[in-house]
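Worksheet: one structure, shown below.
These numbers were taken from a predicted model, which means no experiment stands behind them. Every chain is numbered from 1, with letters handed out A, B, ... down the list of sequences.
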Amino acid sequence: MTPNPSTRASLLLRLRDPQDHEAWLEFVSLYEPVAYRLLRRHGLQDADAREVMQELFMAVSRSIDRWDPAKERGSFRGWLRRVARNLVINWLKQRERRAMALGGSDLQAMLDMLPADAGPETAEFEQELRRALFQRAADQVRGEVQPATWQVFWETAVVGISPLDAAKKLGMSVGAIRVAKCRVLARLQAAVNEMEKIT
Amino acid sequence: MNPQCSIARLECALAGSLPADDEAALHRHLEACEECSAALERMAGGPAWCQEAAALLTEDELDAAVPTRGEWSEIDFTVEHLEPSDEPNVLGRLGGYDVLEIIGHGGMGVVLKGFDRELKRCVAIKVLAPHLASSSLAKKRFAREAQAAAAVVHPHVLAIHQVQPNGRLPFLVMPLVCGESLAERLTAQGSLELKETLRIGMQAAAGLAAAHEQGLVHRDIKPANILLEKGVERAVLTDFGLARAADDVTLTRWGIVAGTPQYMSPEQARGEPLDGRSDLFSLGCVLYEMATGASPFRTDSMMATMRRLVDDSPQAMGSLNPELPPWFIGIVDRLLEKDPSRRFGSAKEVSELLEGCLAHVQQPAAVPLPVSLVPHVTYGRWIFNSHRKGVIAMLGVLGISLLGMVLWQASEAPDIAGKWAGEVWGAVVLEAKEPGQYEGSYKDTDHSKSGTVHLKWSRVERRFNGTWAESDDRNGKISLRLVGDEIRGAWTTDKNLKTETGTPELADLLWKRTSDKQERPALSKIDADKANAETLTGSWTLAFVEKNGKKTHVGSTGTSTLNPITFAFDGAKFLITYPGQSEEVSGTYTLVVHHKSADLDLVVSRDTTGSQVGEGRTDKYLCQIEGDTLKLASYGLGYPDRPKSFQDEHMSIMWMQRLNPNDRKKGGAKEAEKRLLQIDLEEAKAKLAVAESRFERISKLNAARAVEDALLVKAKAQLDVANVQVERQKLRLEAFQQGGDTGLRERLLNLDVREAALKFTAAESEYGRMKRLRDVNAVSEEFVDNAKLTFDLAKTDLERANANLKSFILSMQRVSPNDVTKDGATEQAKLFAKVSGLVQKVHVDIGDHVKKGQLLAELFAPELDAEMQQHAKVYAPFDCIVVKRNAVKGMFVNAAGGNAEPLFVVVRLGGEPKKE
């Protein structure tokens with residue numbers, strides 16, 4: 001699953017090939033957490049979020065070949081967001097019809113909360129996507145470096161211990177700590193940028 | 001700027017391309033130089049980047065909830081392959097139906113909701129899971145099973161409208177049932193009312209009966225597979241025979257189980273062939289659960305559950321639900337018998353019985369309980385008045401025709417005359433005075449007591465009752481029966497005596513027959529195996545059947561006389577012939593030696609008869625061979641432990657006589673054995689042809705990337721095994737024709753090792769594959785467990801095969817080192833190899849003077865492990881000259897014996913060898 005930057009075509013283009021099963025899996029594994037988290041953030045419960053997410057991917061798989069990058073204004077992501085939005089609206093309306101007897105007074109509130117085409121919600125989507133990309137990149141980079149190197153990065157950058165403490169804890173010199181941390185950061189940057197280009 | 005500060009160096013450090021010394025130097029430099037540290041950070045993206053990374057990589061609470069990737073692989077594969085549709089709300093089209101939504105997701109694949117535009121009705125479409133859909137074998141089975149199931153038209157069996165086994169997405173179309181499964185109802189309600197339990201049980205049994213009639217075994221009866229249709233309160237069986245389609249692809253070859261463990265029958269758990277009665281066991285589990293709310297054999301792990309249902313009894317139903325009537329408990333207990341022959345004979349019987357019970361429960365006053373359930377004697381257990389199979393079943397197993405059989409009647413007095421011995425009684429001698437009446441005496445030499453005994457057979461009680469007397473003032477009553485080779489019973493001392501008798505009022509009695517036989521010396525296991533296997537080999541005639549001491553002649557009546565039925569054993573297959581009739585029965589068998597006793601077990605499998613229901617049965621017999629007499633007694637799953645000897649009164653013992661040993665050499669029997677061997681060879685060749693064509697097909701598919709590599713590897717492994725089997729059969733035929741030979745035996749053992757190694761490698765890779773599939777959630781944990789079980793079994797088999805080979809070779813050691821033979825006056829000795837193998841090194845040449853113990857040649861025997869390799873060396877037995885050398889590097893040599901050539905011929909240099 002490691003992307004090879006020089007030979008890979010855009011993931012999205014690959015998605016239009018129904019035989020490219022792997023592309024689909026990659027796409028799903030990347031966007032799954034994005035969709036789920038967004039839906040949860042917008043107030044859907046776990047079961048509902050899963051249901052909508054399922055339908056979302058169904059919808060994408062059905063209509064991906066209708067997405068023409070030349071014609072569509074904006075990016076794949078924009079398109080994806082629009083598909084998702086329509087889908088959630090439909091789903092909520094359907095649920096309201098089914099739950100008529102039970103009230104469903106919060107429906108309107110939910111509808112109001114749905115993202116419009118632009119605005120702060122876009123940023124939210126982008127944020128979630130970036131997060132997902134980061135995690136994918138981290139998986140990849142982690143496989144590429146020595147375990148000790150990764151540990152240095154994790155402790156100093158994410159957990160936040162000072163280089164001095166880390167040096168003591170891991171039994172390395174402060175200089176070595178600095179180099180290891182920066183090495184990982186540099187690789188991460190390269191990986192994330194690469195992924196941004198193709199998703 | 002410090003000359004040490006070099007941007008280039010920092011760049012290399014980030015890329016990881018600095019040599020170690022330079023890097024160490026850089027580390028030291030960085031500790032001192034702030035500028036370089038800062039520069040390094042900038043080059044790595046700067047502090048903002050670092051902060052972003054930290055934030056985004058830190059997990060929050062939502063991360064824990066994100067569903068895992070795997071649920072998608074099957075669903076999206078399915079959806080992807082639907083034909084597109086422009087209709088709104090439609091996912092796609094499949095086989096002329098609109099696919100509306102996904103209903104569920106099970107072990108076999110995905111279930112979709114479809115809509116038939118022509119008939120304007122909704123249907124359920126079950127799609128085969130992708131990892132199965134890529135196997136043409138699974139698809140074929142799927143098709144066949146589905147077609148068979150579609151042939152079952154019954155109100156209590158879910159119909160199958162259509163089957164499409166071809167294409168990338170094989171599917172089945174069934175009616176969409178509105179309602180819930182029994183599993184769901186049980187989860188919601190706990191347990192059900194008796195009426196409902198009986199009704200659902202009756203309907204399920206009726207459905208089973210219809211399917212069994214078509215020759216189908218369900219194999220996966222469980223609450224989840226029983227649908228309860230809303231409104232009409234109708235139970236419908238579903239998922240018929242589809243468990244088998246899943247089986248065959250990944251699992252069956254080396255005997256894995258399939259099905260939900262907690263409703264599985266013991267024979268299923270053991271991987272033995274099944275018939276409809278296996279479904280009855282599962283039905284019993286379902287009835288149990290409906291009545292009590294808990295399934296009888298559930299535990300935490302699949303393995304523990306399987307062990308429980310094979311060995312243990314479930315918790316008594318009465319303790320879970322005290323209101324259950326005893327007749328119902330009796331029905332469930334009988335369904336849950338471990339031995340299939342003890343269960344009800346058919347689903348039809350069960351259905352009718354439950355129907356009768358339901359009628360009674362609905363109108364207790366007007367309708368009585370079905371007749372067979374009316375209480376019958378004893379011990380708190382409901383005994384059914386139906387006829388128990390007993391001898392007939394056992395003989396029926398071996399295919400003996402029921403026509404013209406002569407059977408004995410019970411309740412005649414068994415013969416207890418003879419010498420016995422027991423505690424307190426000492427030596428007892430009994431004589432028959434009249435039929436059923438015995439008189440005897442006993443002598444306890446230790447306590448110098450002796451007396452007389454009178455016994456009379458009671459037909460009603462089926463025991464001997466009588467009295468014993470020692471002297472005028474010591475006497476009492478005695479009651480006993482014959483159990484196999486022992487007499488068991490009890491005795492009392494009459495109380496109305498004035499003197500102290502010193503004997504208890506009531507005591508147990510156990511007498512064993514005394515014999516003059518010596519203890520048989522313990523054979524080593526191999527010798528025993530070999531000896532017994534060889535002594536069983538040959539032809540026997542069935543002389544009579546013994547039960548409770550009474551013997552009856554059995555035979556087939558082709559003419560008006562009784563002609564003996566003949567059994568031929570050839571080491572792996574058996575053949576039964578009925579003189580005067582053309583019918584014959586064959587199958588395979590193995591002999592198993594028990595460590596604890598000298599008894600053997602004979603495990604017999606009948607060949608498949610073509611019917612799908614009775615796919616072949618496995619039966620076990622206690623086996624004892626003494627000279628030319630063979631005793632076989634059937635025992636089965638009903639016995640909790642293997643019976644210790646031919647004792648149990650329920651046993652029927654078959655006595656057979658060896659066909660005149662001289663006849664063995666002549667025509668008849670020998671020809672039969674040879675024919676069996678030839679049949680084996682043909683069978684193995686046929687299987688090889690099948691494996692070859694399968695391998696070819698899969699290779700092509702693999703090249704076209706339609707199946708995964710793992711399946712190709714598997715097909716190759718199967719092909720290799722088939723080749724080994726053919727070689728083995730050829731060797732066996734050769735051995736038979738040459739009259740047995742140690743060289744051949746070794747080759748056979750080597751083949752065993754090779755086969756075990758092939759199976760082991762295949763099981764190993766299959767295990768790995770299952771784990772991988774599990775990791776992407778394409779299969780459940782159960783598949784991994786199954787694969788691991790096979791893997792462990794294959795490992796043990798390999799170890800055992802190696803051990804057998806090793807001990808055989810070690811046994812050759814007893815011949816003598818280097819197998820020296822003297823050759824006339826010149827004390828020429830021929831040296832043979834001890835093991836077969838390739839000559840790896842030769843250390844001497846013609847004319848060399850060698851010392852005693854000097855290494856002459858080394859062989860390489862690939863199948864041997866390190867310990868055995870040391871036997872692959874040939875040493876000089878004494879100081880001598882090498883006169884002739886046959887050993888050439890690279891040549892293959894056979895071990896001593898048979899056709900082996902000597903490796904060296906040496907001449908001893910005069911005199912006795914020096915004493916060390």
Side-chain angles (χ1 to χ4, degrees), chain A residues 18-19 21 24-25 28-29 32-37 40-41 46 49-50 53-55 57-59 61-63 65 90 127 130-135 137-138 144-146 149 153-154 156-160 163 167 172-179 181-190 192, chain B residues 10-11 13-16 18 23-33 36-37 40-46 49-63 65-73 75-77 79-82 84-85 88-92 101-102 130 705 776:
Chain A
Q19 298 294 330
H21 199 39
W24 177 257
L25 279 178
V28 164
S29 62
E32 207 177 72
V34 177
Y36 180 81
R37 291 167 63 92
R40 288 296 304 271
R41 279 197 203 288
D46 175 74
R50 285 169 188 252
M53 197 170 63
Q54 182 174 324
E55 302 208 13
F57 283 109
M58 264 358 134
S61 81
R62 264 181 278 137
S63 36
D65 48 357
N90 287 343
Q127 179 72 340
R130 192 156 169 88
R131 188 196 173 89
L133 284 174
F134 252 85
Q135 302 204 338
E144 290 170 356
V145 299
Q146 301 281 349
T149 313
F153 158 74
W154 191 263
T156 52
V158 180
V159 178
M172 297 161 69
S173 70
V174 179
I177 296 277
R178 289 220 168 95
V179 170
K181 172 182 167 185
C182 292
R183 183 176 296 154
V184 175
L185 278 171
R187 280 189 184 240
L188 265 181
Q189 193 178 39
V192 171
Chain B
L10 293 177
E11 276 176 5
L14 280 183
L18 266 189
E23 180 141 347
L26 176 60
H27 293 170
R28 287 192 294 275
H29 175 75
L30 284 173
E31 283 171 39
C33 178
C36 280
S37 294
L40 186 66
E41 263 207 61
R42 269 196 317 275
M43 286 162 71
W49 168 256
C50 185
Q51 266 185 331
E52 191 186 357
L56 293 183
L57 291 175
T58 314
E59 281 195 3
D60 63 18
E61 69 288 337
L62 273 185
D63 278 315
V66 171
T68 46
R69 189 182 321 163
E71 291 171 11
W72 294 106
S73 45
I75 295 179
D76 65 70
F77 177 91
V79 170
E80 256 186 74
H81 286 88
L82 297 177
S85 165
N89 298 330
V90 169
L91 289 182
E101 63 182 56
I102 297 184
R705 305 203 67 72
V776 296

Q | chain A contact via B/A24 - which portion, at a heavy-atom distance below 4.5 Å | A | neither
Q: For residues A/G175 and B/E31, report the shortest heavy-atom separation together with the two atoms involved.
A: N-OE2, 3.3 Å
Q) To the nearest 0.5 Å, how far apart are CG in B/L56 and CD in A/Q127? A) 5.5 Å
Q. Can you name the nearest heavy-atom pair linking A/A138 to B/L57, along with the distance?
A. CB-CD2, 3.6 Å
Q. Chain B heavy atoms under 4.5 Å from A/V192: which part of the residue, side chain, backbone, both or neither?
A. side chain
**Q.** Atom pair CG/CZ of B/L40 and A/R178 - distance to nearest 0.5 Å
**A.** 9.0 Å
Q | Atom pair NE2 (B/H27) and CE (A/M172), whose distance is rounded to the nearest 0.5 Å | A | 7.0 Å
(Q) Heavy-atom pairs under 4.5 Å with chain B - which of A/I177, A/V145, A/L188 has more of them than the others? (A) A/L188
Q: Mind checking side chain to side chain contact (heavy atoms under 4.5 Å, CB included) for A/Q189 and listing every partner two or more places apart, or none if nothing turns up?
A: A/N193, B/W49
Q) Which heavy atom of A/K181 sits nearest a heavy atom of B/C50, and at what distance? A) CE-SG, 3.9 Å
Q: Output the distance between atom CH2 (A/W154) and atom OG1 (B/T58), rounded to the nearest 0.5 Å.
A: 6.5 Å
Q) With the threshold set at 4.0 Å, does a side-chain nitrogen-carboxylate oxygen contact exist between A/R183 and B/E11? A) no
Q) Can you name the closest pair of heavy atoms from A/L185 and B/A53 and give their distance? A) CD2-CB, 4.4 Å
Q) Pick from A/A176, A/S173, A/P163, A/A157: which one has the most heavy-atom pairs with chain B under 4.5 Å? A) A/A176
Q) Any side-chain heavy atom of A/C182 within less than 4.5 Å of one from B/E41? A) yes
Q.
So, using side chain to side chain contact (heavy atoms under 4.5 Å, CB included) as the criterion, who are the partners of B/E101 when residues are at least two apart?
A. B/K113
Q | Minimum side-chain heavy-atom gap A/R130-B/E52 below 4.5 Å | A | yes
Q) Quick one: what part of B/A32 sits under 4.5 Å from any heavy atom of chain A, side chain, backbone, both or neither? A) neither
